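One structure is given below, encoded as structure tokens.
Please read these numbers as outputs of a predicted model, since none were measured by experiment. By convention here, the first residue in the shown sequence is residue 1.
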Amino acid sequence: QVQLVESGGGLVQAGGSLRLSCAASGTIFSINAMGWYRQAPGKERELVATITVGGSTNYADSVKGRFTISRDNTKNTVYLQMNSLTPEDTADYYCKADHKYPGDHYRPYWGQGTQVTVSS
């Protein structure tokens, strides 16, 4: 099994920063793209940022210039540096990794989420 565990969430004031981490563990064979998604109460889960194995990144327009996604392939870990946070960033943040076992296709694996609350 593959498990994803997020950490780094918490309560910050507007304008502050947080750094989220997500580490994959378990029986890992092949991880492709990784990313961060978030879901605010009553809203759909939305993409925040993704990163390929080679380091190509993609960001939601709402976080461009403020958030930075990175990964360490040797540690099977993806990070999200969040700067200039606003109350609109308040949400549960979820890590996702596309992983496959031999003989199977790539499937999305999700972490349990870490809460980010930005006060005004």
Side-chain angles (χ1 to χ4, degrees):
Q1 305 92 343
V2 176
Q3 298 86 41
L4 301 177
V5 179
E6 304 101 333
S7 62
L11 173 64
V12 298
Q13 295 186 157
S17 298
L18 284 174
R19 180 176 169 85
L20 306 183
S21 299
C22 171
S25 63
T27 306
I28 299 172
F29 283 83
S30 181
I31 293 180
N32 198 351
M34 303 183 79
W36 289 94
Y37 295 72
R38 67 186 182 186
Q39 187 167 22
K43 295 190 175 183
E44 299 267 332
R45 185 174 298 184
E46 65 175 354
L47 181 148
V48 177
T50 60
I51 184 168
T52 67
V53 174
S56 180
T57 59
N58 182 53
Y59 296 92
D61 288 341
S62 60
V63 307
K64 285 182 179 178
R66 300 188 299 121
F67 291 10
T68 302
I69 188 171
S70 61
R71 66 190 289 170
D72 185 339
N73 292 329
T74 67
K75 299 179 180 179
N76 293 314
T77 300
V78 63
Y79 307 93
L80 185 68
Q81 178 67 46
M82 305 186 294
N83 299 326
S84 302
L85 287 162
T86 76
E88 293 182 349
D89 297 314
T90 295
D92 288 331
Y93 284 71
Y94 297 88
C95 172
K96 183 181 78 74
D98 295 330
H99 173 270
K100 73 181 294 292
Y101 290 105
D104 199 8
H105 56 84
Y106 280 97
R107 302 174 183 267
Y109 286 76
W110 294 90
Q112 294 300 304
T114 185
Q115 183 173 276
V116 172
T117 302
V118 184
S119 64
S120 59

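Sequence neighbours left out, the pairs with a member in residues 103-115 that pass salt bridge (Lys or Arg N to Asp or Glu O under 4.0 Å) are D104-R107. For residues 69-99, every residue pair satisfying the ring-ring contact (aromatic ring centres under 6.0 Å, His included) rule, not counting sequence neighbours, is listed here: H99-Y101, H99-Y109. For residues 25-35, no residue pair satisfies the salt bridge (Lys or Arg N to Asp or Glu O under 4.0 Å) rule, not counting sequence neighbours. Residue pairs that meet the salt bridge (Lys or Arg N to Asp or Glu O under 4.0 Å) test with at least one member in residues 110-120, sequence neighbours left out, do not exist here. Pairs of residues two or more places apart, or lying in two chains, that qualify as disulfide (SG to SG under 2.5 Å) and include a residue from residues 1-100 are C22-C95. Residue pairs meeting the disulfide (SG to SG under 2.5 Å) criterion with at least one member in residues 37-66: none, sequence neighbours excluded.
Nearest heavy-atom pair, A14 versus P87, reported as atom, atom and distance to 0.1 Å: CB-CD, 4.2 Å. W36 and L20 make their closest contact through CH2-CB, 3.6 Å (heavy atoms, listed as atom of the first residue, atom of the second, distance). In terms of heavy atoms, Y106 sits closest to N32 at CE2-CB, 3.6 Å. The shortest heavy-atom contact between I31 and A97 is CG2-CB, 4.2 Å.
Grouping the Ile, Leu, Val, Met, Phe, Trp and Tyr side chains by contacts below 4.5 angstrom, directly or via other members, places F29 with V78.
Partners of R66 by side-chain hydrogen bond (donor to acceptor under 3.5 Å, both in side chains), not counting sequence neighbours, listed by chain and number: D89. Residues passing the side-chain hydrogen bond (donor to acceptor under 3.5 Å, both in side chains) test with N83, sequence neighbours excluded: S17, Q81. By the side-chain hydrogen bond (donor to acceptor under 3.5 Å, both in side chains) test, S25 is found to be paired with no residue, residues two or more places apart in sequence or in another chain being considered. Contacts of T74 classified as side-chain hydrogen bond (donor to acceptor under 3.5 Å, both in side chains), with partners at least two apart in sequence or in another chain: D72.
For the atom pair CD (Q3) and OG1 (T27), the distance works out to 8.0 Å, reported to the nearest 0.5 Å. Taking CE of M34 as the start and OG1 of T52 as the end, the distance is 12.0 Å to the nearest 0.5 Å. Separation of atoms CD (Q115) and OG1 (T90) is listed at 8.5 Å; rounding is to 0.5 Å. Distance check: T50 OG1 to K96 NZ gives 8.0 Å after rounding to the nearest 0.5 Å. Atom-to-atom distance recorded for E6:CD and L80:CG is 11.0 Å, nearest 0.5 angstrom.
Here L11 sits alone; no ILVMFWY side chain lies under 4.5 Å from its own, so it joins no hydrophobic cluster.
Under the side chain to side chain contact (heavy atoms under 4.5 Å, CB included) rule, M82 has a single partner from V118, T68, L18, V48, which is L18.
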Please list every donor-acceptor pair under 3.5 Å in which a side-chain atom of residues 54-63 meets a protein atom from a residue at least two apart or in another chain.
residue : atom : partner : partner atom : Å
Y59     : OH   : I69     : N            : 2.9
D61     : OD1  : K64     : NZ           : 3.2
S62     : OG   : R38     : NH2          : 3.4

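The shortest side-chain heavy-atom distance between F67 and L85 falls under the 4.5 Å cut-off.
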